[in-house]
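Per chain, numbering begins at 1; letters A, B, ... match sequence-line order. From a predicted model like this one, the values you see are computed outputs, not experimental measurements.
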Amino acid sequence: MIQVRLPDGATRALSPSSTPADLAKAISPSLAKRTVVAVIDGQLKDLSTPLLEDAEVELVSRDDPRALELIRHDLAHILAEAVQALWPGTQTAIGPAIEHGFYYDFDLDVPFTPEDLPVIEKKMREIIAKRTPFTSETWSRDQARAHFEAAGEPYKLALLDAIPEGEPVTVYRQGDWLDLCRGPHLRHTGDAGAAFKLTRVAGAYWRGDAKNKMLSRIYGVAFADKKTLDEHLTMMAEAEKRDHRRLGREMDLFHFEEVAPGSVFWHPKGWRLFQTLIGYMRGRQEAAGYVEVNSPDIMDRALWETSGHWQNYRANMFLTKTEDERDFALKPMNCPGHMLIYGQGTKSYRDLPLKLAEFGKVHRYEPSGALHGLLRVRSFTQDDAHIYCTPEQLTEECLKVNDLVLSIYRDFGFEDVRIKLSTRPENRIGSEESWDRSEDALRTALETAGHAYTLFEGEGAFYGPKLEYVLRDAIGRDWQCGTLQVDFNLPERFGTTYVAASGDKLPPVMLHRALFGSLERFTGILVEHHAGHLPLWLAPVQAVVATITQAADPWAAEVATSLSAAGLRVETDLRNEKIGYKVREHALKKIPVQIALGAREAENRTVTIRLHGSDKTETLSLEDATTSLVQASRPPSTTIASCI
RNA sequence: GCUGCUGUAGCUCAGAGGUAGAGCACUCCCUUGGUAAGGGAGAGGUCGAGAGUUCAAUUCUCUCCAGCAGCACCA
């Protein structure tokens, strides 16, 4: 007999080679019915796994979070069986469980179309209804090779070869269909359940490599129950509603044109928001000791050869040849320009740290398929800065940047910030000493600040290690915004130096940093994060003064002038429309403050205020309203409390 | 860039081998109305671009451009 210990500490004696399924049955029939998979000594295993010696066993029911990934994995197999049943001869590649669902990659002559999905889904539901058991078999490599060769499954043969020597080769069978698979699986196809939906077809490279053939991928979402699936689908629909491309149009912020793919046409309101961001950042940077500069947009090829961009980055650059055959390039980055500004005159250690900031517009010829609204564009404005300092100052400067960037994100309501630290790659320049010092400086900055980070060893740029700041947006997408990088390369290429206290000319340490990263991208993230309901201090139009009757027009003009004079961004709506019509329209445009004025207000010199998201109104004197609105429209880090 | 899909009025979309339609938005008129759509009239389109087939193409075919989804890319 073998002893099996359960999570509650109880032990049970079973005959050798009993399975967790036997165990469940021995405890109670209802438990046996519920149990779909087992954790044996900490590892998820099939219920049919024979127990050969003493073990700790936990029986897992279908609604356990640990079963969800297996539900999704089961569905991937079922999807593949359905596809091969409908299109015999289709080759299968890989089909894993992923966040929210699963996918399977196929190779077939005619790719799937969206119309195929309901057909496949129907077939899958038939397979599920059969409740066919999943059974595992361990095969020899030769047996597996022979099988998949005969089956005409070249991708499976490739996967087979990728299994390390010494590891067992297992296949999972469901009726007549089988797949090379590590497992585990649930009991039978019925355990996969009905709470799934095939969502899209897409191309995907074999093994994720663009040099390989493109396969046809089918994606599905899946959850343990219908309710969670519906919630997920509702959430996706919500996410679509707050898509910044749609909101940007509805709020009249910007648009795109075919003649300038990937470049933004900013409308007055969008540009005002953009400039508000720049104004805010300018204030924070000035307070932090930065000086602002500006460098040319178009510079000669010679500069880009010095910086190395011509050799390494040309495919991503917009190039231009003038009438006299001279090669220029639009700057894809600001750093070379800043090197030239630094290079003017002799710099002393007394000048350091020197922090050159620029709201520079850079142009990069991004692949067409990468473009995505404001979030991935071909010309964008960076809140870029380069910090030149001595090696001794490095750690402190990194710490200051880190403090600044996190403080700024908090002001925008982004508390969920992940930081990635990427360290020395195989191909690199610079001494080990420099790398030690730089990686140390970045790590110390993070540890001093007490912020968690993820280490990406070997992922740094060839010229130095870097930090990347990743914000999670409302749809749960992660967007890299800020970056802090140490650079050994450019000072060397440009022969940049400072005069040290000793009188020696030494190369400065150079830091690249951008906090918003791209103003365009940051604007898009902000719009999605707030679902268009921008906080008062950012809203391009903070208040609309709308009249109820024409008799209030003069008072409306006076109120608007007064609020504008107090620094608020105000528009008036004197149109010949009912107040309900005006309220609806301005609510749809997400204007934070609506001020309605009728005969009563005009007579008493008062205003009636309605805040976005509320249907309550409040009437108060113009003076009180102004004070309150001015107070509420300050950026967070410069205000103590908002009072409206 | 790759795979698939899409491109008709400012927006959302319908339509058909014989040169186009709805709702909203827009303009004008009536209405001066108290917190999410008052009524009437009108204007608006080289049907993404180019080529081909056809008596005839916005519709069919091809090429290109752009967008969308995914993949790859992302200093």
Query raised in the report: Are A:Arg245 and B:rA69 close enough that a side-chain N or O sits under 4.0 Å from OP1 or OP2?
Result: yes

Requested in this report: Indicate, with a heavy-atom threshold strictly under 4.0 Å, whether A:Leu588 touches base, sugar-phosphate, or nothing.
Outcome: base

Query raised in the report: Roughly how far apart, to the nearest Å, are B:rC55 and B:rG15 at atom P?
Result: 29 Å

Report task. For A:Lys420 and B:rC74, give me the distance from atom NZ to atom C1', rounded to whole Å. Result -> 10 Å

Query raised in the report: Looking across every strand, which nucleic acid part, if any, lies under 4.0 Å from A:Glu115 by heavy atom: base, sugar-phosphate, or nothing?
Result: nothing

Requested in this report: For B:rG17 and B:rC71, measure between their C1' atoms and round to the nearest Å.
Outcome: 39 Å

Query raised in the report: With sugar-phosphate meaning primed atoms plus P, OP1 and OP2, does A:Tyr581 contact a base, only sugar-phosphate, or nothing at under 4.0 Å between heavy atoms?
Result: sugar-phosphate

Report task. Just say parallel, tilted or perpendicular for the rings of A:Trp206 and A:Tyr155, cut-offs at 30° and 60°. Result -> perpendicular

Query raised in the report: What does B:rU61 pair with, Watson-Crick or G-U, if both distances are under 3.5 Å?
Result: B:rA51

Query raised in the report: C1' atom, B:rU59 versus B:rU6: distance in rounded Å?
Result: 16 Å

Requested in this report: Can you tell me the pairing partner of B:rA36 across any strand shown, Watson-Crick or G-U wobble, with both distances under 3.5 angstrom?
Outcome: none

Query raised in the report: For A:Tyr205 and B:rG4, what is the distance between atoms OH and P respectively, to the nearest whole Å?
Result: 12 Å

**Report entry** Whole-Å distance separating the CG atom of A:Leu371 from the P atom of B:rG67
**Finding:** 6 Å

Query - Residues A:Tyr463, A:Phe488; criterion ring-ring contact (aromatic ring centres under 6.0 Å, His included); working and verdict - result: CA-CA 5 Å; A:Tyr463 52 74; A:Phe488 310 134; 8.5 Å; no

Query raised in the report: Counting just side-chain N and O atoms, does A:Arg249 come under 4.0 Å of either OP1 or OP2 of B:rU12?
Result: yes

**Report entry** A:Arg207 bridged to A:Asp209 by N-O distance under 4.0 Å
**Finding:** no

Report task. Would you tell me if any nitrogen or oxygen in the side chain of A:His372 comes within less than 4.0 Å of OP1 or OP2 on B:rA69? Result -> yes

Requested in this report: Check the distance between B:rC71's P and A:Arg217's CZ and give it to me in whole angstrom.
Outcome: 7 Å

Query raised in the report: Quick one: is B:rU35 close enough that its OP1 or OP2 comes under 4.0 Å of any side-chain N or O from A:Thr617?
Result: no

Query - A:Gln594 CD to B:rG34 P, straight-line distance once rounded to whole Å - result: 17 Å

Query raised in the report: So A:His386 and A:Tyr388, would you call those rings parallel, tilted or perpendicular, with 30° and 60° as cut-offs?
Result: tilted

Query - Protein-nucleotide distance (A:Asn212, atom CG; B:rC2, atom P), rounded to Å - result: 16 Å

Query - Pair A:Lys589 + A:Glu571, salt bridge at N-O below 4.0 Å - result: no

Query raised in the report: At under 4.0 Å between heavy atoms, what does A:Ala551 touch on the DNA or RNA strands: base, sugar-phosphate, or nothing?
Result: nothing

Requested in this report: Describe, in one word, how the ring planes of A:Phe106 and A:Phe112 are oriented to each other, choosing from parallel (under 30°), tilted (30 to 60°) and perpendicular (over 60°).
Outcome: perpendicular

Report task. Could you tell me whether A:Arg610 contacts a base, only the sugar-phosphate backbone, or nothing, with contacts defined as non-hydrogen atoms closer than 4.0 Å? Result -> base

Query - C1' atoms of B:rU63 and B:rU53, separation to the nearest Å - result: 15 Å

Query raised in the report: What nucleotide, of B:rA75, B:rA36, B:rG34, holds the atom closest to the side chain of A:Gln485?
Result: B:rA75

Report task. Record whether the side chain of A:His512 comes under 3.5 Å of the base of B:rA75 through a donor-acceptor pair of N or O atoms. Result -> no

Query raised in the report: Is the side chain of A:His529 donor-acceptor paired with the backbone N or O of A:Ile525 at a distance under 3.5 Å, no angle test?
Result: no

Report task. Quick one: look up who B:rC24 pairs with, Watson-Crick or G-U, both distances under 3.5 Å, and put none if it's unpaired. Result -> B:rG10

Requested in this report: May I ask you to decide whether A:Lys616 forms a salt bridge with A:Glu618, counting only side-chain N to carboxylate O separations under 4.0 Å?
Outcome: no

Report summary line: Paired to B:rU3 by Watson-Crick or G-U wobble criteria (both distances under 3.5 Å) is B:rA69

Report task. Determine the interatomic distance between P on B:rC13 and the same-named atom on B:rU32; round to the nearest Å. Result -> 38 Å

Query raised in the report: Touch check for A:Pro367, heavy atoms < 4.0 angstrom, all strands: base, sugar-phosphate only, or nothing?
Result: base

Report task. Describe the nucleic acid contact of A:Arg364 in one word from base, sugar-phosphate, nothing, applying a heavy-atom distance below 4.0 Å. Result -> sugar-phosphate

Requested in this report: Confirm from the modelled atom types if A:Glu601 and B:rG34 form a donor-acceptor pair under 3.5 Å, side chain to base only.
Outcome: yes

Requested in this report: Just compare B:rG67, B:rG4, B:rC71 and give me whichever is closest to any side-chain atom of A:Ala204.
Outcome: B:rC71

Query raised in the report: Contact class for A:Gly580 vs. all strands (heavy atom < 4.0 Å): base, sugar-phosphate, or nothing?
Result: sugar-phosphate

Requested in this report: Tell me what A:Asn312 touches on the nucleic acid: a base, only sugar-phosphate, or nothing, going by heavy atoms under 4.0 Å.
Outcome: base

Query raised in the report: Below 3.5 Å, does any donor atom in the side chain of A:Arg376 face an acceptor in the base of B:rC73, or the other way round?
Result: yes

Requested in this report: Assign A:Ala587 to base, sugar-phosphate, or nothing according to its heavy-atom contacts below 4.0 angstrom with the strands shown.
Outcome: base

Requested in this report: Could you say whether A:Ala202 or A:Met214 is positioned toward the 5' end of RNA chain B, judged by the nucleotide with the nearest heavy atom to each?
Outcome: A:Met214

Report summary line: For B:rA56, the nucleotide meeting Watson-Crick or G-U wobble distances (both under 3.5 Å) is none

Query raised in the report: Okay, side chain of A:Arg521, backbone of A:Leu375: is any donor-acceptor separation there less than 3.5 Å?
Result: yes

Query raised in the report: Is there a Watson-Crick or G-U wobble partner for B:rU19 with both distances under 3.5 Å, and which nucleotide is it?
Result: none

Query raised in the report: Using atom C1' of each nucleotide, how far apart are B:rA49 and B:rA57 to the nearest Å?
Result: 15 Å

Query raised in the report: Among B:rG33, B:rG4, B:rA75, which nucleotide sits nearest the side chain of A:Lys578?
Result: B:rG33

Requested in this report: Output yes when at least one side-chain N/O atom of A:Tyr219 is less than 4.0 Å from OP1 or OP2 of B:rC71, else no.
Outcome: yes

Report summary line: Winner on side-chain proximity to A:Ala370, out of B:rU32, B:rA72, B:rA66, is B:rA72

Query raised in the report: If each of A:Met333 and A:Gly373 is mapped to the nucleotide of RNA chain B with the nearest heavy atom, which maps nearer the 5' terminus, i.e. the 5' end?
Result: A:Gly373

Query raised in the report: What is the distance from NZ of A:Lys213 to P of B:rG4, rounded to the nearest Å?
Result: 12 Å

Query raised in the report: Under the 3.5 angstrom rule, does the side chain of A:Arg378 hit a backbone N or O of A:Tyr365 as a donor-acceptor pair?
Result: no

Report task. Check if the side chain of A:Arg584 and the base of B:rA37 share a donor-acceptor pair of N or O atoms closer than 3.5 Å. Result -> yes

**Report entry** Listed nucleotide nearest any side-chain atom of A:Glu258, set B:rU35, B:rG4, B:rG7
**Finding:** B:rG7

Requested in this report: Could you give the distance separating B:rG44 and B:rG10 at their C1' atoms, to the nearest angstrom?
Outcome: 10 Å

Report summary line: Among the nucleotides B:rG38, B:rG4, B:rA75, whichever has the atom closest to the side chain of A:Glu577 is B:rG38

**Report entry** For atom CG of A:Asn316 and atom P of B:rA72, their distance in whole Å
**Finding:** 17 Å

Query - Whole-angstrom distance between B:rC60 and B:rA16, as gauged at atom P - result: 11 Å

Query raised in the report: Given that both distances must come in under 3.5 Å, which nucleotide forms a Watson-Crick or G-U wobble pair with B:rC74?
Result: none

Query raised in the report: Looking for any heavy atom pair under 4.0 Å, which part of the strands does A:Thr608 touch: base, sugar-phosphate only, or nothing?
Result: base

